[in-house]
Protein chains: 2
Amino acid sequence: MGERFLKSIRLLAECMQGYERLSGEYVRRCGLTHAQFDIIATLGNTPGMSYKELGDKTLITKGTLTGVIERLEQKGLVERQRSDCDKRSFFVRLTKAGEQTFCTAFPAVVAQSGKVFKDYSEDDFARLESALSALKQVIMAGQAASAPHRECD
Amino acid sequence: MGERFLKSIRLLAECMQGYERLSGEYVRRCGLTHAQFDIIATLGNTPGMSYKELGDKTLITKGTLTGVIERLEQKGLVERQRSDCDKRSFFVRLTKAGEQTFCTAFPAVVAQSGKVFKDYSEDDFARLESALSALKQVIMAGQAASAPHRECD
DNA sequence: TATTGTTATACTCTATAACTATA
DNA sequence: TATAGTTATAGAGTATAACAATA
């Protein structure tokens, strides 16, 4: 009976699915998959980062990341450069074209999907952010707690 | 500059990703994929429903749904039955084994992933649900509004 | 020895569209 | 004509594990 949280999770999932359905349409119009858009959005406004960092931020595992980056490289949207300090590591960054995609596709997706918030007040946003920040905190704490057990069981 | 909502969306995505990472581990331990678990969870505690309804609820398109249901059928977790009233339609429901999976896998996933909420108060839940309900409402309204335009552009 | 990224395998999901059978 | 579900195709993400090069 302690499943009080299920309603919240269901709502969370519905919101996320709903938003992804909304934005996904525009993402696809840019010729990107969700994962590719994720990478572009993560690399945008940064000097670039390693595969490792990119994988951590996007939840894409390294094996998959190779493929995703490969396809983005073929499209000319990202480029890789060996890291100076650690020669095992690659540094991934947006190309000019990638930055342009970021600067057009990202705002386009944002603008279209953001329409639904037109009647949101400052208070509405504050409440939502506050509730989600608290949620994020316990979830991240839970991940940190369970992660070390991965190999023990 | 009207991107006030981006922070909320980012938080939403982080929460969802975090929760999916948490629960995904347990889902996989039950031998189910995310989509399969989604179907099982949706069919649980219902007398069953049509493909159409199932697709609407899970956001899985009909073409994909055929495959997902097929694999669940092979595992003996769901069964299909032609609808009496509409012979085009199939009625999908959990088998005994499927119900058992629902009754064990679902609570297991729920129990494990629910651990992170152990310190959540009634008020915390109320705030979260309230904020998410409001969010869901505007997103769903946005979907309804944009859906008819799909073929116009 | 541990870590970064690659490669290979096998499976699953996705979008799309043409198709069948029923309404 | 429209709808429920199937089939086919092509592409993409996932888990897993063995592997090379570097630390």
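As the structure is a computational prediction, the values presented were derived from the model and not from experiment.
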What protein N or O atoms touch nucleotides 20-23 of chain D N or O atoms at under 3.5 angstrom, if any, and at what distances?
unit_1	atom_1	unit_2	atom_2	d
D:dA23	OP1	A:Lys87	N	3.0

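- Annotation: side-chain contact (heavy atoms from CB on, under 4.5 Å) contacts of A:Gln36 (sequence neighbours excluded): A:Leu32, A:Thr33, A:Val68, A:Arg71, A:Leu72, A:Lys75.
- Annotation: ring pair (Phe, Tyr, Trp, His ring centres under 6.0 Å) contacts of A:Phe106 (sequence neighbours excluded): A:Phe37, A:Phe102.
- A heavy atom lying under 4.0 Å from DNA chain C marks none of the residues of residues 39-46 of chain B.
- Every residue was checked against the ring pair (Phe, Tyr, Trp, His ring centres under 6.0 Å) condition with A:Phe90, not counting sequence neighbours, and none meets it.
- Sorted by first and then second residue, the salt bridge (charged side-chain N to carboxylate O under 4.0 Å, His left out) pairs involving residues 35-58 of chain B (not counting sequence neighbours) are B:Lys52-B:Asp56.
- Partners of B:Asp84 under the side-chain contact (heavy atoms from CB on, under 4.5 Å) rule, at least two apart in sequence or in another chain, do not exist in this structure.
- For DNA chain D, the residues of residues 66-78 of chain B within the heavy-atom distance limit of 4.0 Å (strictly under) are B:Thr66, sorted by number.
- Counting only residues at least two apart or in different chains, salt bridge (charged side-chain N to carboxylate O under 4.0 Å, His left out) contacts with residues 96-122 of chain B comprise A:Arg4-B:Glu122.
- Residue pairs meeting the salt bridge (charged side-chain N to carboxylate O under 4.0 Å, His left out) criterion with at least one partner in residues 85-94 of chain A, sequence neighbours excluded, are A:Glu79-A:Arg93, A:Asp86-A:Arg88.
- Listed by first then second residue, pairs satisfying salt bridge (charged side-chain N to carboxylate O under 4.0 Å, His left out) with a partner in residues 8-18 of chain A read A:Glu14-B:Lys136, not counting sequence neighbours.
- Listed by residue number, the members of residues 49-59 of chain A with any heavy atom below 4.0 angstrom from DNA chain D form an empty set.
- When the side-chain nitrogen and oxygen atoms of B:Arg80 are compared with OP1 and OP2 of D:dA4, none of them lie within a distance under 4.0 Å.
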